[in-house]
Q: 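Structure provided below as structure tokens; questions to follow.
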Amino acid sequence: MRMVDIIEKKRDGLELTKAEIEFVVDGYTKGDIPDYQMSALAMAIYFQDMTTEERVHLTMAMVESGDQIDLSDINGIKVDKHSTGGVGDTTTLIVAPLVAAVGVPVAKMSGRGLGHTGGTVDKLESIKGFQVELTSETFNRLVNENKIAVVGQSGNLTPADKKLYGLRDVTATVNSIPLIASSIMSKKIASGADAIVLDVKTGAGAFMKDLEGAKQLAQAMVQIGNGAGRNTIAVISDMSQPLGFAIGNALEVKEAIDTLKGEGPADLYELCLTLGSQMVYLAKKANSVEEAREKLEEVIHSGKALEIFKTFIAAQGGDSTVIDEPSRLPTATYTVEVEATDDGYIADIIADEIGVAASILGAGRATKESNIDLAVGLVLKKKVGDAVKKGESLVTVHSNRKDIQDVIEKIHHAYQITTNKVEPKPLVYDIIH
Ligand code: URA
Ligand code: CA
């Protein structure tokens, strides 16, 4: 087989075979196929697209390019959740203990974050003593005992994706549905889950800015998952404004604790129940999504979900007293209220602007090497649709530096206030099976 013939075939809009796709992924991972040929193929895929079969073959070839996590020692149907990313997305910290409390085994592999805030691992590390480096034996044992454990990413997962993603980033080929969908799904499948619930975000703070694009991506990922024998469902949810109130690592841990007590922000609570009930249903712990939801509401009201969160923190060496005393989490030196300059209604909160504001405070990483400040971040006091009076607080800034004029300007820019009454935005747009 020759790479040049494969590029030509895709350039002309023809379908590649499984053997051809495997040849490409294998050769590129090993370094036998140079970047310039892979770039040409990525661009051909960008313009000519791929069939569902091609997308499944590409995904599975990337899965097989590296290690695959074996979760077979864990009892039950392992369901993973993946979010395409957004601002203030605290869902994993809540959904994981929530579904574990109704018996769904949660074997979560998580990364450190780049961007607005840290990843789930960073957030959990704001709890003193919390340990994310576990051997696979300990990890499996903890999931069997407590139904939940979170481990930091290790090993050599999907090296083909890592290399290709880096290449796409500099060849204007990131924004291609078949390439994004296979990239995300290869990592999920290599992580070993039997079933997958995807939270595909849409809006200003999301990767997919418009609903149509989000739907196409969701459909592509659901088809790949099911084509690869993993039961997959996608929820399309709003990310035009940040989710919940808190953006920042320790602040989001506190928000997760509040939500597990049933005292969190309404949008975050609702999305967690939506995602969680799909997970419980896929794990066959309920006969319908409605029954799953009732079970989740029950473990919130009974306190069992919070109890599982506590057990999970303690089992991984963390200070579980933070759950009853969140003031033990890292706190910032200064808190500053950002006040509304007019009376009116909140028409929009541009999520990515808020994300940048949190990031420049130090809540997120600019590069993989930078340190994050776990204590800092923002707590939104007003969301879209809320009425506001001049001088009322829009946001509380938690900062470790005194001069935060740059952050305040970003927040004022993000908040759009109008004189007309504004309807709140829908939270869940669609569910794709
Ligand atoms: N996230 C990924 O993991 N891969 C992509 O291609 C895009 C976003
Ligand atoms: Ca949040």
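Order of appearance sets the numbers: ligands from 1, and atoms from 1 within every ligand. Only a predicted model underlies this, so the values are computations on that prediction, with no experimental measurement involved.
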Q: For residues 37-57, pull every pair meeting salt bridge (charged side-chain N to carboxylate O under 4.0 Å, His left out), keeping only residues two or more places apart or in separate chains.
A: K10-E54, D49-R55
Q: What pairs with E20 under side-chain contact (heavy atoms from CB on, under 4.5 Å), at least two apart in sequence or on another chain?
A: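 Applying side-chain contact (heavy atoms from CB on, under 4.5 Å) to E20 gives M1, I6, K9, L16, T17.
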Q: So, are D348 and K383 salt-bridged, with charged N and O less than 4.0 Å apart?
A: no
Q: Determine, for F207 and K201, whether the Lys NZ or Arg CZ falls below 6.0 Å from the six-membered ring centre while staying within 45 degrees of the axis.
A: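 Because its charged atom misses either the 6.0 Å distance or the 45° angle limit, K201 does not stack over F207.
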Q: Using a cut-off of under 3.5 Å, which N/O atoms of ligand 1 pair up with protein N/O atoms, and what distance separates each pair?
A:
| from | atom 1 | to | atom 2 | distance (Å) |
| --- | --- | --- | --- | --- |
| ligand 1 | 3 (O) | S183 | OG | 3.4 |
| ligand 1 | 3 (O) | K187 | NZ | 2.5 |
| ligand 1 | 4 (N) | S183 | OG | 2.6 |
| ligand 1 | 6 (O) | R168 | NH1 | 2.9 |
| ligand 1 | 6 (O) | R168 | NH2 | 2.9 |
| ligand 1 | 6 (O) | S183 | OG | 3.4 |

Q: Any Lys/Arg nitrogen of R401 or D406 sitting under 4.0 Å from an Asp/Glu carboxylate oxygen of the other?
A: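 So R401 pairs with D406 through a salt bridge.
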Q: Holding to side-chain contact (heavy atoms from CB on, under 4.5 Å), I want the full list of residues that pass it with K30, two or more places apart in sequence or in another chain.
A: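 Expected list: D26, D32.
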